[in-house]
Amino acid sequence: ALGRPTSGTFSDKFKVVRHARNDAYHHRIVRDRSTVVAAAEQLVDLLDMHMGDQVAAITGAELPGLTFAVVRESRHG
């Protein structure tokens with residue numbers, strides 16, 4: 001647990017996560033993922049939540065089916 005962080009410590013952890021999010025969004029490799037996960041886990045812990053519980057909730061969520069407006073044609077393969 002991170003304990004009570006200083007604003008600098010919080011900013012440093014948040015910056016690690018933000019940069020990783022930006023890399024993923026722009027289809028770049030997220031480097032040093034263990035550091036990113038550790039920073040995210042500590043930030044989530046500050047919110048009195050456990051990262052494992054949050055990951056389980058996300059991966060266990062049922063997503064609604066998608067509907068599409070374009071009719072499938074033979075040219076679509």
Side-chain angles (χ1 to χ4, degrees):
L2 189 56
R4 185 170 171 89
T6 64
S7 62
T9 303
F10 177 85
S11 294
D12 291 345
K13 299 287 181 197
F14 196 82
K15 188 183 297 183
V16 167
V17 174
R18 185 170 43 87
H19 284 222
R21 189 271 328 250
N22 289 344
D23 284 344
Y25 181 81
H26 293 290
H27 307 286
R28 295 188 295 249
I29 293 172
V30 175
R31 303 205 182 277
D32 202 9
R33 285 183 283 178
S34 61
T35 299
V36 175
V37 170
E41 185 175 21
Q42 290 172 348
L43 291 171
V44 168
D45 182 61
L46 289 173
L47 299 171
D48 295 328
M49 296 186 287
H50 186 265
M51 184 70 125
D53 294 342
Q54 303 312 307
V55 170
I58 292 167
T59 58
E62 289 191 32
L63 301 176
L66 298 173
T67 58
F68 304 99
V70 175
V71 177
R72 175 176 283 286
E73 297 179 20
S74 61
R75 65 183 174 83
H76 289 128

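- The shortest side-chain heavy-atom distance between V55 and M51 falls under the 4.5 Å cut-off.
- The salt bridge (charged side-chain N to carboxylate O under 4.0 Å, His left out) analysis of residues 18-29, with sequence neighbours excluded, yields the pairs D23-R28.
- The two residues A39 and V16 come nearest to each other via the heavy atoms CB-CG1, 4.0 Å.
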*Report the C-alpha separation of R33 and T35 in whole Å, then their side-chain angles, then the decisive distance to 0.1 Å, and conclude whether the side-chain contact (heavy atoms from CB on, under 4.5 Å) test is met.*
CA-CA 5 Å; R33 285 183 283 178; T35 299; over 6 Å; no

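- The only option from V44, L43, D48 that meets the side chain to side chain contact (heavy atoms under 4.5 Å, CB included) definition with L46 turns out to be L43.
- Considering only heavy atoms from C-beta on, R31 comes within 4.5 Å of I29 through its side chain.
- For the residue pair V36 and V30, the shortest heavy atom distance occurs at CG2-CG1, 4.2 Å.
- With rounding to the nearest 0.5 angstrom, the OG1 atom of T9 is 12.0 Å from the CZ atom of R4.
- More than 12 heavy atoms of other residues, nucleotides or ligands lie within 6.0 Å of CG in L47, so this atom counts as buried by the packing criterion.
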